[in-house]
Structure formats: structure tokens, C-alpha cells
Amino acid sequence: MTVGHAPPDISGKSLSLEPPHSHGLDLVAVLPSSRRRRLAVPRWLRRTFGPLLLLAVWQVSSATGALGPDILASPGTIARAGRDLVADGTLPSAMAVSLQRVVFGLLIGGVVGVGLALVSGLSRLGEDLVDATVQMLRTVPWVGLIPLFIIWLGIGEAPKVALIALGVAFHLYLNVYAGIRGVDEQLVEAGESLGLGRWGLVRHVVLPGALPGAMTGLRYSLATAWLALVFGESINAEDGIGFLMNQAREFFRTDVIVVCLVVYAFLGLLADAVVRTLERLLLQWRPTFKGQ
């Protein structure tokens, strides 16, 4: 029997399986639109398009006079101010002081927040003793505690670091606690069936399951730390980025103020990049959606 032809019918004529008018036509494979090749644009270029567009609009507005220098300095003026601050050592010194405050506050707040989350998340008794108190305190505006911190701790470095630590501790507590209580119960039952004791379950099941929440809390905590730093450095500060901003405000130096804001943004992006790197290293086991 010839391939592509049917056996003859009753009348002796062969039935062809080829569709009519198919001779001389080439079949073209049609791929779904999602698989078509896209324009190869580097991702770093796509990510910088928005900031570059904003910078161009800013420069044009300043050059045409639509944005006056008394409202906001031009990008060129800000660049020159930043260069001068770096050249005389003012900006590097202020950055070092501010970074030191953030690191100390992050360490203290991290230890307190994670410790309380472990006590509250791993034990019902700990939850009864800790969670209600923490939930009550976190509703209090922590910026409003600055006068009390000044009375209790003075006007030195202690109230600034305490303010940062307080904001960090609440974010880490909430996310680590939610991560612990969000671990799948079936995983815990599987660990028990494999013979894991209480601390074995905590080490091999609960803590790895809570790690994504802890990373999210760390990112929120870093953002809060920089925000708390701005308020903290308004407490009789004699150095730091916030001190430079206060001085610039008194002399109406919008260029110096924007330089300090850019430094805050740069340090925040750098800290977020560090956390993203930690996530890639510690959460390799978790598949995630990365966009299309």
C-alpha cells in the first residue's frame, strides 16, 4: 500500500487522502506570538530609560526657565555642588557617619525583632506574652518618640541609633513572625514522620520556610532605616547627611539638598542590591516568576 493513499473503494477507485489544491504549496509553521523573537535590548538599558528621561525633562525645564533655581537647581548645578562636596571631603565624611548609624541601628533592631519573632512564632505561650505588646507598640508613631528618646538618652548618638533600631525591629518582627506561621502544615507533618524532633523541625523545616519572609522584612527594614536616619539626624546632629541637609535648608541651597537626597537614594539602592544578592544565594531552592 502506498503511503498517502487509501485503499480502493468498492468501485475500484482509489481514495486520495491529500487535501484539494495542496499541490505546490509549502507549509509554514506558525509559532505562538509569545515565542516570537523580541528586540534584543539590554536589560540595563531598559532599566535606565526612565531615570534618563526624567533627567532630560529636568534639564530642559531648567534651561528654558520653566523651573527656577530658587525652586530646584538644575542638574548641572547639582553635579558641580556634589563635586565640590566630594573634593573637600565633606560628603564622604558625612556618608561614613550616616552609614555607621544605620549599621548599628540595623544590627540592634535586627537582633531584637528576629528574637521576638522567634519567641512569638515558635511558641503559643510566647505569642501570648509577646505579640499583643509588640502589636500595640508598633501602632505608636515611632517618630513621635523622639522627645522621649532625647529625655531618656540625651542628644548624642544613642537616640539616633535607637530610632533606627525601633523602626527596623517592627518590620522584621512582623515579616519573620508571618513567615514562621505561614509554613505549610503538611511539611511539618512530613518532618515528624521522618523522625525529626522539635528542634530538628525548627532547623530544617520552619526556619527555611520562614526565610523568604525574613528577606522581605529585611528589605522593608533597610528602607525604614534610611527614613529613620533622616529624622534621627535632626536631633542636634553635628555631622552626617542629615546635618548637611539642615545646613543647606538654612541657606536655601537646593543643590546641596538634592545632592544629599541623591546620596540617600544611592545608598538605599545599594542596600537593596545587597539584599537581592542574599535572596539569590539563600533562596535558590524556591522557583519564582521573573516576568515575560
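Using a 4.0 Å cut-off between a side-chain N of Lys or Arg and a carboxylate O of Asp or Glu, E233 and K160 do not qualify as a salt bridge. Taking a cutoff of 4.0 Å between a charged side-chain nitrogen and a carboxylate oxygen, D272 and R276 qualify as a salt bridge.
The minimum heavy-atom distance between L174 and Q135, with the atom names listed, is CD2-NE2, 3.5 Å. A pairwise comparison of heavy atoms in W226 and G268 identifies NE1-CA, 3.8 Å as the closest pair. Heavy-atom minimum distance, V183 versus V206: CG2-O, 3.7 Å. Smallest separation of non-hydrogen atoms from A210 and V176: CB-O, 4.4 Å. Listed here is the closest heavy atom pair of A225 and V102: CB-CG1, 4.1 Å. Closest non-hydrogen pair, R253 versus A81, comes out as NH2-CB, 4.5 Å.
Side-chain atoms of S62 come within 3.5 Å of backbone atoms of W58 as a donor-acceptor pair (strictly under, hydrogens ignored). Side chain of T139 to backbone of M136: a donor-acceptor contact under 3.5 angstrom is found. A distance-only check finds a donor-acceptor pair linking the side chain of T64 to the backbone of V60 [under 3.5 Å].
Using a 30° and 60° split on the angle between ring planes, Y220 and H171 fall in the parallel class, below 30°.
Taking 4.5 Å as the limit, every side-chain heavy atom of F252 sits out of range of all side-chain heavy atoms of D70. At a threshold of 4.5 Å between non-hydrogen side-chain atoms, the residues I241 and L267 count as touching. Within the 4.5 Å cutoff, the side chain of I164 has no heavy atoms near those of the F104 side chain. Inter-residue side-chain proximity for T277 and R280 is flagged as met; some heavy-atom pair is nearer than 4.5 Å. Between L118 and I180, some side-chain heavy-atom pair lies under the 4.5 Å cut-off. You'll find the side chain of M215 stays beyond 4.5 Å of the side chain of N175, heavy atoms only. For the pair Y173 and D131, the minimum side-chain heavy-atom distance is below 4.5 Å. Counting heavy atoms from C-beta on, the side chains of F149 and L166 come closer than 4.5 Å.
No more than 12 heavy-atom neighbours from other residues, nucleotides or ligands sit within 6.0 angstrom of CD on E238.
Note that CG of L218 is 6.5 Å distant from CG of L106, once rounded to the nearest 0.5 Å.
When each of L244, T254, L85, V86 is checked for a side chain to side chain contact (heavy atoms under 4.5 Å, CB included) with V259, only L85 meets the rule.
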Apply side chain to side chain donor-acceptor pair (under 3.5 Å) to the pair R80 and T77, showing each step before the final yes or no.
-> CA-CA 5 Å; R80 288 190 295 270; T77 304; 3.2 Å; yes
